[in-house]
Amino acid sequence: MKSKNVRRFGSTFVVAGAVVLAGASVGAVEQWYKDVAKDNTHYEAIKALTDQNVIRGYSESQFKPGNSIERRHAALILAKMGDFQEPSNVADVLKQYKDLTANSYYAKEMATLTHANVFKGDEKGNFNPTQALTRQQMASVLVNALNLDQYDSGEKVTINLSNVGESHKKGVQILANLGLTDQLKDYRPNEPVTRGAFASFIHRANQLVTPEKPEQPQETGFTLSLMHMNDSHARVAEMPKAITAIKEIRKEKPEALLLHGGDAFSGTLYFTEFEGQADMALMNLMGLDAMVFGNHEFDLGDSENGHQALANFVKGANFPVIGTNIDFSKDPMLKDIVSETEFTSTPALGEIHKGLIKEVNGEKVGIFGLTTESTEFVSSPKAVKFLDYKESAEKAVAYFESQGVNKIISVNHIGFDSDPSVGNDLLLAASVKGIDIIVGGHSHTKLSKPVVVDKDSNGVKKDPTIIVQADQYLTHLGTIDVEFDENGVITGHAGELIKLSDKAEDPEAAEVLKKFSGKIEETFGQEFGANLTVDLPNPRHRGEDNPGPSVRANETALGNLITDGMLAKAKEYDPKTVIALQNGGGIRNSINKGPVTIGEVMEVLPFGNTLSLVTLTGAEIKNTLEHSVRNSPIEEGGFLHMSGMKMTFDSSKEVGNRVQSMKVKINGEFVDIDMDKEYVVTTNAFTARGGDGFKVLGDAYDKGRVKDLGLDDWVNLRDHMKNLGTVSPAIEGRIVDVKK
């Protein structure tokens, strides 16, 4: 065992409740546990450690002092207490146990304590991680982990050891000698250690030992300044203005962190031409402290080169790109750039980490990042897998807290109030304790002021979590100052969005942009003979400033124009085609009235999709449309725009029974769709493969019923508009929610 010095635990030690339980942070001044009365044997210990913010309960009112502690939790706690060296190969250390692997919960901590000879397995070669730690086992591990024998004078206190296991007698005797137990007649060695008893043992040890040098007094408060952006979507041309705003903030607040909420990829010709390299070059000038992977970072997974462009982006970035809930182990392009150090204070550039610890003005700040689990359906991640966002967040928080970090930021690409079935910021803030700030993305929400969540999922008051999100497309840079007390609890905040369109371009960034803009401008500005007589907006629900219609929840004139073009093109290849469907999440920009350019069309449909044909029965079409409106009136990327048909639905009905009518246009007239009849439908290749969770289409694709025509979607739209010449689309009542 490596030599250690025993220190006071008040500022360094994290006890079971804070590490392994999803309990709320406890501020002793503000509340107390209903199940720990003043006459409770362990009241003094629980009170002292709670006042130090060392332990916390299952909730703000429940400590559950009688609950036992598992062996793996004890290993987690002790590994963070002492000065232990983590073994270089965790898997090799754990081979001695039949019931552990390197993938086990708290594997590193159990390996560390095993390597230090603090923990041993049973006679069958099992660690028994989920078994309760017995009182005699606790005596041995405490003595070994804390070197308590150095405080033993050798004068033995009389204690009954007759029922204590031979290997634990020394440890129990030392606890008695040091006065850490008064159970001398019957130590009850085989009973589980309770939370209350554990607190008492730690508290008594805290009174016993003396630190090598006085601890420095902790400041009474700390202010953390952040800048944030999200969903920039290859708006490279806007980055010089953003960099100007960033530099202005840093001039006033040099320690301010800069975080990106994901989706740098896809959306303009800059990405189509340079596949992330233009974005990377400008973002490298920003001084980003961290960026989380967005779902669109995985858009090229189905391409010939797979995720090579994403790997190149990560390797070339001078900032960390983090993915706490992402498994890259099966992807040939990305698996080799995943760091062996999951959480680090010294991130290796060009590698992927799960999280970071940043030091800001002498205070440690933990940063982790979550990507929506819906990426599996709304992008093309292929072998990349996305893990449960809540479980991943809980593990990250537990790790940071075990390192004494009490200011924690989650950089999220899960959406502010997106589909609850795959999670969102509001649910995360209410469900996972210990997160102080959420920097959001994915839903393109404009939060003009930060949102505070101070109640958990049961409506019980909790320490506040602040949520921010800065709209989309680099229209704004978000800023926020957050004040913390000495326990890491938020006591105040002030935040705003800075409009970037009024900023001047940063000269250095403008020069870098020129390396890419020339080629873009050549193509982007070309007119092709179409004149738009009306503006075609592409609205989104983006918070309190924009509560109106959305391309992801309502029929739009632009959606009608796109699907009309799809249907016209598909009929050239199969005259039997009668319906066209386009997912709202694939429509990415608006077009202003006047002459239309190639660049404008490409920015509307930037993902390089192609046109596909599939034959569906009326029943399969109904299933598909039910999935389309399942979240209505909430935004849904899979909301389908249509041509050649129209439908009504009732968003107040239960999911699966919302579609009220479906009519298809045959020989110039709309007739009811026959459930048993087959219809040829065209859609983009992403949707045809089952993207956005369309199971019926995914099954059809798997069975070879989908034919990809290989026609680029933006080209189809361009040709359709060119053929029209004068373009005047309108909302026609193709999709009607009868509830409204």
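Residues take their numbers from the sequence shown, with the count starting at 1. Because the structure is predicted, anything quoted here is derived from the model rather than measured.
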Once rounded to the nearest 0.5 Å, what's the spacing between atom [atom1] of [X] and atom [atom2] of [Y]?
X: Met566; Y: Leu605; atom1: CE; atom2: CG; value: 8.5 Å
X: Thr556; Y: Leu536; atom1: OG1; atom2: CG; value: 8.0 Å
X: His233; Y: His444; atom1: NE2; atom2: NE2; value: 3.5 Å
X: Thr475; Y: Leu497; atom1: OG1; atom2: CG; value: 8.0 Å

Check whether any side-chain heavy atom of [X] sits under 4.5 Å from a side-chain heavy atom of [Y], and report yes or no.
X: Ile673; Y: Ile621; answer: yes
X: Leu697; Y: Val614; answer: yes
X: Asp231; Y: Gln469; answer: yes
X: Leu561; Y: Met721; answer: yes
X: Val604; Y: Ile587; answer: yes
X: Lys665; Y: Lys646; answer: no
X: Leu428; Y: Leu370; answer: yes
X: Ile598; Y: Trp714; answer: yes

Exercise. Residues in side chain to side chain donor-acceptor pair (under 3.5 Å) with Glu654, at least two apart?
Worked result: Asn657
Is the backbone of [Y] close enough, under 3.5 Å, to the side chain of [X] for a donor and an acceptor to pair up by distance?
X: Glu603; Y: Thr268; result: no
X: Thr563; Y: Met642; result: yes
X: Asp331; Y: Leu334; result: yes
X: Ser632; Y: Val629; result: no

Problem set entry | Whether over 12 other heavy atoms sit under 6.0 Å from Lys622 NZ | yes
For this session: Give the C-alpha distance, both sets of side-chain angles, the deciding distance and a yes or no for ring-ring contact (aromatic ring centres under 6.0 Å, His included) between Phe694 and His627.
Result: CA-CA 7 Å; Phe694 284 101; His627 185 79; 4.6 Å; yes
Would you mind checking if [Y] and [X] are paired as a salt bridge, meaning a charged N to carboxylate O distance below 4.0 Å?
X: Glu635; Y: Arg540; value: yes
X: Arg689; Y: Asp302; value: yes
X: Asp564; Y: Arg734; value: yes
X: Glu626; Y: Arg658; value: no
X: Arg705; Y: Glu620; value: yes
X: Asp699; Y: Lys703; value: no

For this session: Check the pair His296 / Phe607 against ring-ring contact (aromatic ring centres under 6.0 Å, His included), numbers first and verdict last.
Result: CA-CA 9 Å; His296 283 291; Phe607 301 131; 4.6 Å; yes
Side-chain donor-acceptor pair present, [X], [Y], cut-off under 3.5 Å:
X: Ser392; Y: Thr324; value: no
X: Asn684; Y: Gln582; value: yes
X: Asn325; Y: Asp388; value: no
X: Ser329; Y: Asp327; value: yes
X: Asp737; Y: Ser651; value: yes
X: Asp299; Y: Ser266; value: yes
X: His442; Y: Asp263; value: no
X: Glu555; Y: Asn560; value: yes
X: Asn412; Y: Asp425; value: yes
X: Thr648; Y: Ser661; value: yes
X: Ser550; Y: Asn554; value: no
X: Asn583; Y: Asp692; value: yes

Problem set entry | Intermediate values then yes/no, side chain to side chain donor-acceptor pair (under 3.5 Å), His260 and Ser232 | CA-CA 9 Å; His260 193 301; Ser232 51; 3.0 Å; yes
Can you give me the closest heavy-atom contact between [X] and [Y], atom names plus distance?
X: Pro537; Y: Ser590; answer: CA-CB, 3.8 Å
X: Thr597; Y: Glu600; answer: N-OE1, 2.9 Å
X: Pro381; Y: Glu376; answer: CG-CA, 3.8 Å
X: Asp417; Y: Ile634; answer: O-CG2, 4.4 Å
X: Met229; Y: Ala470; answer: CA-CB, 4.4 Å
X: Asp574; Y: Val680; answer: OD2-CG1, 4.0 Å

Exercise. Should Phe516 and Phe274 be marked as a ring-ring contact (aromatic ring centres under 6.0 Å, His included) after you check the CA-CA gap, both sets of side-chain angles, and the distance that decides it?
Worked result: CA-CA 8 Å; Phe516 305 96; Phe274 303 111; 5.0 Å; yes
Exercise. Can the positive tip of Arg235 be found less than 6.0 Å from the middle of the six-membered ring of Tyr473, inside 45° of the ring normal?
Worked result: yes
Seminar exercise, completed: Exactly one of Phe265, Phe313, Phe386 clears ring pair (Phe, Tyr, Trp, His ring centres under 6.0 Å) with Phe298, and that residue is Phe386
Seminar exercise, completed: Contacts of Glu273 meeting side chain to side chain contact (heavy atoms under 4.5 Å, CB included) (sequence neighbours excluded), chain-then-number -> Lys519, Ile520
Exercise. Using 30° and 60° as the class limits, which term best fits the ring planes of Phe328 and Phe293: parallel, tilted or perpendicular?
Worked result: tilted
